Amino acid sequence: YGDHRDLHLSIRRQRQMCIRDRLTMFLGSNAKIYFCGNNGDPIYHSKFIELCSKLKNNNCTISITTNGSYRPIEWWKKLAHELSKDDEIMFSIDGLEDTNHLYRRNSDWKMILDAVDILVHYSDVPLIWKFIVFKHNQHQVDEARQLANDIGFDRFFIQQPYNMPA
């Protein structure tokens, strides 16, 4: 009869496939999809690249907002393969190596730079650096803008924090 764990894994995989298929059918083709992380960074979903692939097969455009930490280089290469110049990735990087982690807790500076490097060299997807200005990083805006330009970002976007008066 086989192991009941194999059956459970098979049912779970079928359910995940069904959800992805139903989602892509619901969205249809030619849709603009925003993965913006309201419930956490979207790149950490275990089937994120597969979902992007299905959406791209439906001629959808994809916009991803991420911190960019804790994904290996090979993962970024796979994502780069799925995306095109019609998509975009916005990296939420709030400072430089010595300050980014103060707001983006547990972020990994080197991994973020590795991700950007892979995307610059393996894809033509536009890259945006979103920088939220706080007191602890406001002195770094110009240096971050220059770094963004130097390492291949297409745009540098400054955002004021929501809880700070303008």
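This is a predicted model, so every value here is computed, not measured.
- The CG atom of Leu147 sits 6.5 Å away from atom CG of Leu96, with the distance rounded to the nearest 0.5 Å.
- Heavy-atom neighbours of Lys32 NZ from other residues, nucleotides or ligands within 6.0 Å: above the threshold of 12.
- Under a 4.5 Å side-chain heavy-atom criterion applied to ILVMFWY residues, the cluster that includes Met90 comprises Ile128, Phe157 as well.
- With sequence neighbours excluded, no residue forms a ring-ring contact (aromatic ring centres under 6.0 Å, His included) with Tyr70.
- Applying the ring-ring contact (aromatic ring centres under 6.0 Å, His included) test to Phe35 and every residue at least two apart in sequence or in another chain returns Phe48.
- In this structure, Leu119 CG and Leu79 CG are separated by 6.5 Å, a value rounded to the nearest 0.5 Å.
- No donor-acceptor pair under 3.5 Å is formed between the side chain of Asn59 and the backbone N or O of Asn30.
- Closest of all the heavy-atom pairs between Ile64 and Pro42 is CG2-CG, 4.3 Å.
- Under the side chain to side chain donor-acceptor pair (under 3.5 Å) criterion, Ser53 pairs with Glu82, sequence neighbours left out.
- Follow the hydrophobic side-chain contacts under 4.5 Å out from Ile73 and you reach Tyr122 in the same cluster.
- In this view, His139 satisfies the ring-ring contact (aromatic ring centres under 6.0 Å, His included) rule with no residue, not counting sequence neighbours.
- Every residue meeting the salt bridge (charged side-chain N to carboxylate O under 4.0 Å, His left out) condition with Arg104, not counting sequence neighbours, appears here in chain and number order: Asp94.
- Expressed to the nearest 0.5 Å, how far CG of Leu83 lies from NZ of Lys85 amounts to 13.0 Å.
- When every heavy atom of Ser84 is checked against every heavy atom of Pro126, the shortest pair comes out as O-CD, 3.9 Å.
- The aromatic rings of Phe91 and Phe153 stand perpendicular to each other, their planes meeting at an angle above 60°, with 30° marking the opposite boundary.
- Proximity of a side-chain donor or acceptor of Trp129 to a complementary backbone N or O of Ile93 within less than 3.5 Å is detected.
- The 12-atom threshold is exceeded at CG of Asp150, counting heavy atoms of other residues, nucleotides or ligands nearer than 6.0 Å.
- Distance alone, capped at 3.5 Å, places no donor-acceptor pair between the Asn137 side chain and the Asn100 backbone.
- Between Ala115 and Gly68, the closest heavy-atom pair is CB-O, 4.1 Å.
- Rounded to the nearest 0.5 angstrom, Leu113 CG and Lys110 NZ are separated by 8.5 Å.
- In the hydrophobic cluster analysis, where Ile, Leu, Val, Met, Phe, Trp and Tyr join through side-chain heavy atoms closer than 4.5 angstrom, Ile151 is grouped together with Ile89.
- With sequence neighbours left out, the salt bridge (charged side-chain N to carboxylate O under 4.0 Å, His left out) criterion links Lys56 to Asp87.
- Applying the salt bridge (Lys or Arg N to Asp or Glu O under 4.0 Å) test to residues at least two apart or on different chains, the pairs with a partner in residues 58-75 are Glu74-Lys77.
- Asp142 meets the salt bridge (charged side-chain N to carboxylate O under 4.0 Å, His left out) test with Arg145; sequence neighbours excluded.
- Distance CG/Leu102 to NE2/His136: 4.5 Å, rounded to 0.5 Å.
- For Asp98, the side chain to side chain donor-acceptor pair (under 3.5 Å) criterion is met by Gln140, not counting sequence neighbours.
- Legend: salt bridge (Lys or Arg N to Asp or Glu O under 4.0 Å) pairs involving residues 118-127, not counting sequence neighbours: none detected.
- Both Val141 and Trp109 are assigned to one and the same hydrophobic cluster, defined by single-linkage of ILVMFWY side chains at heavy-atom distances under 4.5 Å.
- Here the closest non-hydrogen pair linking Gly152 and Leu127 is O-CD1, 4.5 Å.
- In the hydrophobic clustering of ILVMFWY residues, with side-chain heavy atoms under 4.5 Å counting as a link, Tyr34 and Tyr44 come out apart.
- For Thr65 against Cys36, the heavy-atom pair with the smallest separation is CB-CA, 4.0 Å.
- Of all the heavy atoms in Ser69 and Met111, the pair that sits closest is CA-CB, 4.4 Å.
- With sequence neighbours excluded, no residue satisfies salt bridge (charged side-chain N to carboxylate O under 4.0 Å, His left out) with Asp41.
- The distance from the CG atom of Leu55 to the CD1 atom of Ile33 is 5.5 Å, given to the nearest 0.5 Å.
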